[in-house]
Every structure is written in structure tokens, then in C-alpha cells.
Amino acid sequence: MLYLCKIFPFTNIIIMKQVLYVLLSHFAEHEMPYLTQPLRSDAMSMKEHPKFENRIVAESMEPVEAISEFRVIPDYTFETIPDDYAALVLVGGFGWNGDVAR
């Protein structure tokens, strides 16, 4: 069973499950919306009760450049990935042919 969030008893604290997207240099940014938007929306395509939080992981906290030269600032590095997450998505692109991917 997949839990979408953790609810702590006797508090109003809810921790959403995170989906982590690993980006390497020259990633294919056009692949991401197929997952990011549906996972962040609820059944009515609204953002009021999102299912997951989308977060970016990269080699460093420096902006990662896409194939189109669009840049994204990561939330985590490879060293700071949280232990608890719902999914790890490897976003395609030309970076998987380099040394960082190994």
C-alpha cells in the first residue's frame, strides 16, 4: 500500500511524500510535465489537495541546464537526498552518457 502522506497524531502536521527527479546536464525538460503535473494535482486537476511534492536532485546546488538551455535550481544534491521518498525518476537527456551518471 502506498501512503501519500504521513499524519502525526495529536498534531496538524502532514508530511507529503516526495517524488525526486534526477537531472543531469542537458536533461530533456519536455519529459518532466508528463509526471510532474498529474502527481501534483488532485482528482479535479487542482492544487488544493496534491498527491505528492515534486523535488529536483542534481550533482550540486548549481542550476542544471536542459537541452534547450533552460535552467533549473535543484532542491537536493546526490549527497542530501532524503531517506524517505515515494519515487526516484531519472529524467532523460544527453547527460546519462557522461561520467556523472556512472
Side-chain angles (χ1 to χ4, degrees):
M1 174 179 277
L2 176 66
Y3 293 98
L4 302 180
C5 63
K6 291 182 181 178
I7 301 174
F8 292 93
F10 309 111
T11 70
N12 291 328
I13 299 173
I14 297 176
I15 297 178
M16 300 293 296
K17 288 287 189 174
Q18 294 182 345
V19 176
L20 306 178
Y21 298 84
V22 177
L23 303 184
L24 299 180
S25 182
H26 297 98
F27 69 95
E29 74 276 15
H30 60 275
E31 294 181 357
M32 293 177 61
Y34 293 106
L35 284 175
T36 57
Q37 201 284 327
L39 290 176
R40 185 66 184 151
S41 300
D42 58 23
M44 300 298 291
S45 294
M46 304 297 286
K47 310 268 186 289
E48 295 173 7
H49 305 285
K51 298 174 186 174
F52 297 94
E53 290 180 348
N54 294 307
R55 296 291 179 251
I56 303 297
V57 178
E59 182 180 18
S60 72
M61 293 302 288
E62 296 296 317
V64 184
E65 188 171 296
I67 293 170
S68 68
E69 297 183 1
F70 184 75
R71 291 182 178 91
V72 176
I73 298 173
D75 298 294
Y76 303 112
T77 67
F78 297 154
E79 290 79 30
T80 62
I81 292 175
D83 293 330
D84 189 23
Y85 53 87
L88 184 68
V89 179
L90 307 177
V91 178
F94 299 123
W96 294 104
N97 296 327
D99 292 334
V100 175
R102 291 181 185 91

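Computed from a predicted structure; not experimentally measured. Each residue takes its place number in the sequence, starting with 1.
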Salt bridge (charged side-chain N to carboxylate O under 4.0 Å, His left out): which pairs involve residues 71-82, sequence neighbours left out? Glu65-Arg71

Side-chain heavy-atom pair Ile73, Ile56 within 4.5 angstrom cut-off: no

I would like to know whether Phe27 and Met32 meet side-chain contact (heavy atoms from CB on, under 4.5 Å); could you show each step before the answer? CA-CA 10 Å; Phe27 69 95; Met32 293 177 61; 3.8 Å; yes

Flag side-chain contact, heavy atom, 4.5 Å: Leu24 against Glu59: no

Spacing of Thr36 atom OG1 and Arg55 atom CZ [to the nearest 0.5 Å]: 12.0 Å

Quick check: do Leu35 and Val19 have side-chain heavy atoms less than 4.5 Å from each other? no

Would you check if Lys17 and Asp84 make a side-chain contact, meaning some heavy-atom pair closer than 4.5 Å? yes

Please identify each residue that fulfils side-chain contact (heavy atoms from CB on, under 4.5 Å) with Glu31, with sequence neighbours left out. Ala28, Val91

Which atom pair, heavy atoms only, marks the closest approach of Gln18 to Tyr85? O-CB, 3.4 Å

Cluster overlap Val72 with Met61, hydrophobic side-chain contacts below 4.5 Å: no

With heavy-atom distances below 4.5 Å as the criterion, would you say the side chains of Pro74 and Val64 are in contact? yes

Got a second to check how far Tyr21's OH is from Leu90's CG, nearest 0.5 Å? 12.0 Å

